[in-house]
Amino acid sequence: MKKTMTWGARAAVFCLAAILLFSLGAMWAKEGGLKITVNNAPSEITPLESGGTLLVPLSFPIEEGKSTWTVTMEYDKAKGTLNIQKTLYKEKLRGDTKCQRCDGTGKCQACYPAGSGKNAVGNPCYICDGTGKCFYCNGEGKY
């Protein structure tokens, strides 16, 4: 079975790796170095240089569940500035949206009347198998 890491775990691993690199030594001088802003606020982040590549350790809060972040960086070497924008992407989760098929009632709309479990001629509804529950949301009214 394939195991995958959540974004929160990936962020934690990245932060730990950045701290490890920092402690190993490739340190950027604070005086005359890069001026970094994170979400339009001055930051005390110390960039790292490793093999000619500049690395910037970023921190992300770890929350229960799945979190998705968008990070945008604008680097101007001539001015010596790095602007970083971190944005938490919020999306509707399952269970937060009203079902479009039954309009949140949880009743099968193919039944006659809706949710009865029978079709127009009195036979079991073929969409919900006679349960009367909306097949799309399983009768919960949300998905």
Once rounded to the nearest 0.5 Å, what's the spacing between atom [atom1] of [X] and atom [atom2] of [Y]?
| X | Y | atom1 | atom2 | answer |
| --- | --- | --- | --- | --- |
| I127 | N119 | CD1 | CG | 10.5 Å |
| K133 | C108 | NZ | SG | 12.0 Å |
| Q109 | C102 | CD | SG | 6.5 Å |
| K35 | L82 | NZ | CG | 12.5 Å |
| I45 | L58 | CD1 | CG | 5.0 Å |
| Y75 | L34 | OH | CG | 5.5 Å |

Q: Could you list the residues that satisfy salt bridge (charged side-chain N to carboxylate O under 4.0 Å, His left out) with D103, not counting sequence neighbours?
A: K98
Q: Write down the atom of Y136, the atom of C99, and the distance for their closest heavy-atom approach.
A: CD2-SG, 3.8 Å
Q) Going through the checks in order, is the side-chain contact (heavy atoms from CB on, under 4.5 Å) test met by C134 and C128? A) CA-CA 7 Å; C134 173; C128 67; over 6 Å; no
**Q.** Qualifying side chain to side chain donor-acceptor pair (under 3.5 Å) pairs, either residue in residues 76-85, two or more places apart
**A.** T37-N83, N40-Q85
Q) With the 4.5 Å side-chain cut-off for hydrophobic clustering, are Y126 and F135 part of the same group? A) yes
Q: State, with a plain yes or no, whether a side-chain heavy atom of N39 is found less than 4.5 Å away from one of I84.
A: no
Q. Within 45° of the six-membered ring axis of F60 and under 6.0 Å from that ring's centre, is NZ or CZ of K86 located there?
A. yes
